[in-house]
A.B. asks: 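Below you will find the structure I want to go over with you.
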Amino acid sequence: MSFYPVRFIGIGVVGWQGVIPRKAEKMAHICIDRTLQQFGDLNEVYRKLEPQRIIEQILSQVTPRLDEYIDEVMYEIQPVLWDNMPLFLRKRIYGWAREQLPSRIETLVEDFGDDLDDLVDLKALLSRQLTNHPDLMNRIFKEAGEVELNSVINRGAIIGGLLGTILAPLWLHYPEPWVLPLGGFVVGFITNWLAISLIFSPLTPRRVLFWNIQGLFLRRQPEISDIWSRLVAEELITVEKVADAMLHGEHGDRTRAIIQKHLRPLLDNTVVMKLTAQVAIGMTGYTDLKKAMNDKAVVATRDVFGDPSFNRDRAPVVAGVLAEQMKGLAPAEFQDILRPAFREEELQLMVVGGLLGALAGAVQLAVFVLAI
């Protein structure tokens, strides 16, 4: 009931969706709010990613294909001119572009780093990812809390069994038809209540006889923080997804304007190149050329940050930032990252547990009646 079904099944308001998929977006938003609130903003995370590594990644991906990109732009704008241009002129243009590229990329990356928090709506990014992939939070929650969830299942079985041993003699003394279904409801309700309570309570360790008792998730805050942060960094806040949000999110026009600002000097800063281009293709063609360059840069950006090895390499950096802050949260704050998934649904979970218990009691009663 916590994990499945991943998408709502039912008619109208009558139906069910797993608690965690339904509350995934809310949990992710709280997680980001709690961690980035203490750390600072997305710009700080960007600095941890080492901008120089980003520059190196862009150059390593773009430089080998730079001639190809130039060909594609020119064939789109002036195919006849480009086909008839002498080879030595083409090579000169290729070489000039390679010389200019590193400085252009360096200033571009620096500009993005200063404005990243304004260019990327992190909550919108998370919402989009979790809407398209509602199973993501299930996987994150299962791996991060595998030990605790198995413990709850085992303890729930023990609790239900102990409560059942009380119900059995009660029915022997009062063999009324309603005793087993009603008792089953109470057993199911209490079992689910205790199971949920074991996950989150008590907040701090308490000594009870020979045992130290604390909520199962809270007791393993450091380990869960590491796992949770790693999976969020690998699945939700990857460099590729952040770059895509910059280009196609709410502030995509601003991102394109920054790219254009840094690409324009490739043509405008060299008087000979500018005049040659304007004479060869005219003023209108020159404007079209700059627009085509900008569009090609957007495509190249997507290709650069779609590199799986680069995303894997940078994911631990993002994970480290999140984990560091999650480990530093007070127990009540750490609980607030996970608890919202259950708090609003606790009564429903308990009632459904009670109904399943009542159904089990009714089946037991039917078996006894048939046996007699």
Side-chain angles (χ1 to χ4, degrees), residues 1-5 16-23 27 137-138 140-221 223-224 227-228 331-332 334-368 371:
M1 290 177 63
S2 296
F3 296 103
Y4 301 105
W16 188 260
Q17 181 184 11
V19 175
I20 291 172
R22 182 148 35 100
K23 298 297 179 182
M27 277 194 298
M137 195 58 77
N138 266 4
I140 292 172
F141 217 98
K142 281 182 176 180
E143 187 168 338
E146 182 180 9
V147 174
E148 289 70 27
L149 293 169
N150 288 335
S151 179
V152 167
I153 292 170
N154 296 333
R155 294 185 186 192
I158 294 171
I159 292 168
L162 292 174
L163 293 174
T165 60
I166 299 173
L167 180 59
L170 179 64
W171 186 79
L172 290 175
H173 284 85
Y174 301 98
E176 299 294 332
W178 52 268
V179 171
L180 285 179
L182 179 61
F185 180 90
V186 173
V187 168
F189 188 95
I190 293 176
T191 299
N192 275 14
W193 172 71
L194 287 172
I196 293 171
S197 297
L198 285 170
I199 296 176
F200 300 110
S201 298
L203 279 175
T204 55
R206 292 182 183 176
R207 186 78 175 177
V208 178
L209 297 177
F210 305 104
W211 301 280
N212 279 325
I213 298 177
Q214 187 181 15
L216 296 174
F217 273 112
L218 301 169
R219 188 166 49 189
R220 292 182 63 243
Q221 181 172 344
E223 296 93 330
I224 290 175
I227 297 172
W228 177 282
F334 183 71
Q335 177 189 242
D336 281 345
I337 293 176
L338 309 172
R339 191 71 188 267
F342 293 92
R343 183 177 286 119
E344 297 175 11
E345 315 294 334
E346 283 180 6
L347 183 59
Q348 290 185 49
L349 287 169
M350 294 176 208
V351 170
V352 173
L355 291 174
L356 291 174
L359 179 62
V363 170
Q364 289 175 328
L365 178 62
V367 170
F368 282 129

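Position 1 is the first residue of the sequence, and the numbers go up from there. Side-chain atoms are counted along with the backbone in the values below, which use heavy atoms only and exclude waters and symmetry mates.
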A.B. asks: List, one per line, each side-chain donor-acceptor pair under 3.5 Å for residues 185-196, sequence neighbours excluded.
C.D. replies:
residue : atom : partner : partner atom : Å
Thr191  : OG1  : Val187  : O            : 2.7
Asn192  : ND2  : Leu349  : O            : 2.7

A.B. asks: With side chain to side chain contact (heavy atoms under 4.5 Å, CB included) as the test, pick out the partner of Leu180 among Leu167, Val367, Leu170, Val363.
C.D. replies: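 The side chain to side chain contact (heavy atoms under 4.5 Å, CB included) with Leu180 is passed solely by Leu167 among Leu167, Val367, Leu170, Val363.
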A.B. asks: Side chain to side chain contact (heavy atoms under 4.5 Å, CB included) with Val352: which residues, sequence neighbours excluded?
C.D. replies: Met1, Leu356
A.B. asks: Under the side chain to side chain contact (heavy atoms under 4.5 Å, CB included) rule, collect the residues that match up with Pro177, sequence neighbours excluded.
C.D. replies: Leu365
A.B. asks: Please name all residues satisfying side chain to side chain contact (heavy atoms under 4.5 Å, CB included) with Arg219, sequence neighbours left out, ordered by chain then number.
C.D. replies: Arg155, Gln214, Leu216
A.B. asks: Looking at CD of Glu176 and CG of Leu182, how far apart are the two atoms once the value is rounded to the nearest 0.5 Å?
C.D. replies: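 If I round to the nearest 0.5 Å, the distance is 12.0 Å.
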A.B. asks: Over all heavy atoms of both residues, which pair between Pro331 and Thr204 is shortest? Give the atoms and the distance, please.
C.D. replies: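 Closest pair (atom of Pro331, atom of Thr204, distance): CG-CG2, 4.4 Å.
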